[in-house]
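A, B, ... follow the sequence lines: proteins, then strands. Residue 1 opens every chain. Computed over heavy atoms, backbone and side chain alike; hydrogens, waters and symmetry mates excluded.
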Number of protein chains: 2
Amino acid sequence: MSQPDTKQRILDAAERLFATDGFHATSMRMITGQAAVNLAAINYHFGSKEELLAAVIDRRLVPLNAERNRLLEQELESARRQARPPSVRQLVRAMVAPTVALRGQGEGPEHFITLVGRILADPQGIGRDLFLERMGPFISRLFEAMRQALPHLDPGLLFWRLHFSIGALSHVMRCHDRHLRLPMPFDPSLPPEELIETLLDFIEAGLEAKP
Amino acid sequence: MSQPDTKQRILDAAERLFATDGFHATSMRMITGQAAVNLAAINYHFGSKEELLAAVIDRRLVPLNAERNRLLEQELESARRQARPPSVRQLVRAMVAPTVALRGQGEGPEHFITLVGRILADPQGIGRDLFLERMGPFISRLFEAMRQALPHLDPGLLFWRLHFSIGALSHVMRCHDRHLRLPMPFDPSLPPEELIETLLDFIEAGLEAKP
DNA sequence: TCTTGACTCAAACGTTCGTTTGAAACTAGT
DNA sequence: ACTAGTTTCAAACGAACGTTTGAGTCAAGA
């Protein structure tokens with residue numbers, strides 16, 4: 001390949017622009033302009049604008065879900081060894097930690113976070129089916145593991161509380177910095193490690209609420 | 001006016017299309033086609049496509065925030081009369097109840113919910129500034145009231161937990177029905193009243209978690 | 001009846017969109 | 001040095017975009 005990084009430069013520029021401006025508001029000329037490649041390179045390397053979006057999503061989501069599954073299986077295995085039910089906090093951590101860790105991994109993952117927020121908000125969008133297809137297996141396994149961790153909880157109630165938990169996570173991911181730019185008399189910023197624990201405190205208490 | 005409902009028909013069609021397809025993916029010809037009005041009617045009545053979006057948002061958000069503020073002031077006044085701190089649950093209810101109540105109020109409000117989800121996911125979108133401008137006063141007042149309700153809680157921690165709460169709410173609003181269309185061995189659907197209480201249980205426990 | 005203002009309409013404006021094309025440039029195997 | 005295969009390039013394609021225009025329609029006041 002004469003310029004082996006053409007595909008990567010397109011992926012980086014598309015990730016950034018899809019996140020900041022949205023899929024439909026981003027033109028292929030904007031992408032190829034920022035990537036400093038020819039306009040036809042997208043269709044040559046990816047086929048179409050939609051297939052480019054799929055490639056942008058897959059590049060980060062596949063390894064992310066692999067890590068989430070690894071942490072979940074690790075806790076299930078640890079619980080099995082010790083003949084105890086899996087820990088709610090550790091199960092939630094399997095979902096939360098790799099996600100929050102995306103922050104502080106550079107500009108690319110930050111843009112990816114924003115892009116995922118857009119995809120979740122799009123009820124019939126292009127990337128949504130792909131995203132849910134990638135997420136489904138983990139969510140199913142997390143739900144089953146959570147039923148072992150909270151056997152007394154009604155499954156329907158557990159479903160909704162997991163739903164709320166995912167919402168809290170995705171919302172805090174979506175708003176990196178100044179989402180609610182209110183004049184605050186203090187600085188609410190937290191390092192990622194503390195943010196994880198703060199979020200785990202909140203979700204764990206909500207999942208284990210009494211009624 | 002010869003056809004006095006032209007503006008309403010445009011607003012209804014735009015609300016539906018902006019929600020399902022997104023602002024940039026919706027053309028003015030799609031809107032005027034579904035509204036059965038002339039293409040130029042949008043520019044005549046609203047000025048531009050962006051001003052139409054602002055009108056769509058304002059139509060529902062202004063009365064919604066009025067109701068939220070009413071409930072919040074009602075609880076503050078009740079607490080003042082009884083010389084007690086405001087109730088966490090009642091304060092959260094002021095934010096949650098009018099929002100969840102939008103479900104079951106017809107097709108229009110349901111589309112509006114989806115549209116708000118899109119606006120929140122758009123970091124520099126057209127409707128975002130307008131939306132935050134409308135929401136800001138209520139959020140600020142809610143935060144101050146919550147500080148009275150939870151005086152022992154660090155303000156920075158309260159900020160984050162309110163952030164998580166808003167996330168749980170907006171996520172559950174965004175996913176009316178089959179957001180996670182996993183093969184569930186049960187029916188997780190709930191009537192709005194029960195959904196409100198289920199969400200309040202979750203948020204209240206999270207806000208009052210110990211550390 | 002004439003006039004005025006609000007509204008609707010078909011048609012066109014210039015621009016930008018995603019995609020395609022065919023030739024040129026480059027790399028590597030023989 | 002020649003060839004085959006891959007990648008880049010400028011240019012153009014038809015289609016769709018948001019907006020504007022100017023004539024036409026209608027209801028109501030003078």
Side-chain angles (χ1 to χ4, degrees), chain A residues 1-59 115 118-119 122 124-130, chain B residues 1-59 115 118-119 122 124-130:
Chain A
M1 287 190 266
S2 53
Q3 283 175 245
D5 51 349
T6 294
K7 291 181 73 167
Q8 294 301 323
R9 294 226 305 284
I10 292 175
L11 286 171
D12 291 337
E15 184 176 59
R16 177 171 54 247
L17 287 166
F18 286 162
T20 57
D21 295 342
F23 178 77
H24 286 102
T26 300
S27 72
M28 303 185 54
R29 285 163 179 84
M30 292 164 64
I31 299 170
T32 54
Q34 288 213 8
V37 300
N38 187 268
L39 170 62
I42 288 178
N43 287 295
Y44 176 78
H45 286 286
F46 298 95
S48 68
K49 191 185 176 187
E50 297 197 6
E51 289 171 281
L52 170 60
L53 174 61
V56 167
I57 294 171
D58 259 0
R59 178 173 62 151
L115 178 56
R118 282 188 181 277
I119 290 169
D122 197 337
Q124 58 181 23
I126 325 239
R128 189 186 178 89
D129 287 336
L130 178 65
Chain B
M1 286 191 266
S2 54
Q3 283 174 246
D5 51 350
T6 294
K7 290 181 71 168
Q8 295 301 322
R9 295 227 305 284
I10 290 175
L11 286 171
D12 290 338
E15 183 175 60
R16 176 170 56 250
L17 286 166
F18 286 161
T20 56
D21 295 342
F23 178 77
H24 286 102
T26 300
S27 71
M28 303 186 50
R29 285 164 179 84
M30 292 164 66
I31 298 170
T32 55
Q34 288 214 7
V37 300
N38 186 267
L39 170 61
I42 289 178
N43 293 91
Y44 177 77
H45 285 286
F46 298 96
S48 68
K49 189 185 176 186
E50 297 197 6
E51 290 171 280
L52 170 61
L53 174 62
V56 167
I57 294 170
D58 259 0
R59 179 172 64 151
L115 178 56
R118 282 188 182 275
I119 290 170
D122 197 336
Q124 58 181 24
I126 324 235
R128 188 187 179 90
D129 288 335
L130 178 67

Letter by letter from the 5' end, nucleotides 16-22 of chain D scores (B base, S sugar-phosphate only, - none; protein heavy atoms under 4.0 Å) -BBBBB-

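Within the structure, side chain to side chain donor-acceptor pair (under 3.5 Å) pairs that include any residue of residues 46-55 of chain A comprise A/S48-A/E51 (at least two apart or interchain).
Distances shown here put every side-chain N or O of A/H45 at or beyond 4.0 Å from the OP1 or OP2 atom of D/dT6. A close approach under 4.0 Å does occur between a side-chain nitrogen or oxygen of B/T6 and OP1 or OP2 of C/dT8.
For B/Y44 and D/dA23, the OH to C1' distance is 15 Å, given to the nearest whole Å. To the nearest angstrom, P of C/dG18 lies 11 Å from CD1 of A/I126. Rounded to whole Å, atom P of C/dG18 lies 15 Å from atom CZ of A/F46. Taking atom CZ of B/R9 as the reference point, atom P of C/dC7 lies 14 Å away to the nearest angstrom.
Remark: A/D12 engages A/R59 in a salt bridge (charged side-chain N to carboxylate O under 4.0 Å, His left out) (not counting sequence neighbours). Applying the side chain to side chain donor-acceptor pair (under 3.5 Å) rule to A/N43 yields no partners; only residues at least two apart in sequence or on another chain are considered. With sequence neighbours left out, the salt bridge (charged side-chain N to carboxylate O under 4.0 Å, His left out) criterion links A/R118 to B/D122. Listed by chain and residue number, nothing satisfies the side chain to side chain donor-acceptor pair (under 3.5 Å) test with A/S27 (two or more places apart in sequence, or in another chain).
B/M28 places none of its side-chain heavy atoms less than 4.5 Å from the side chain of B/L52.
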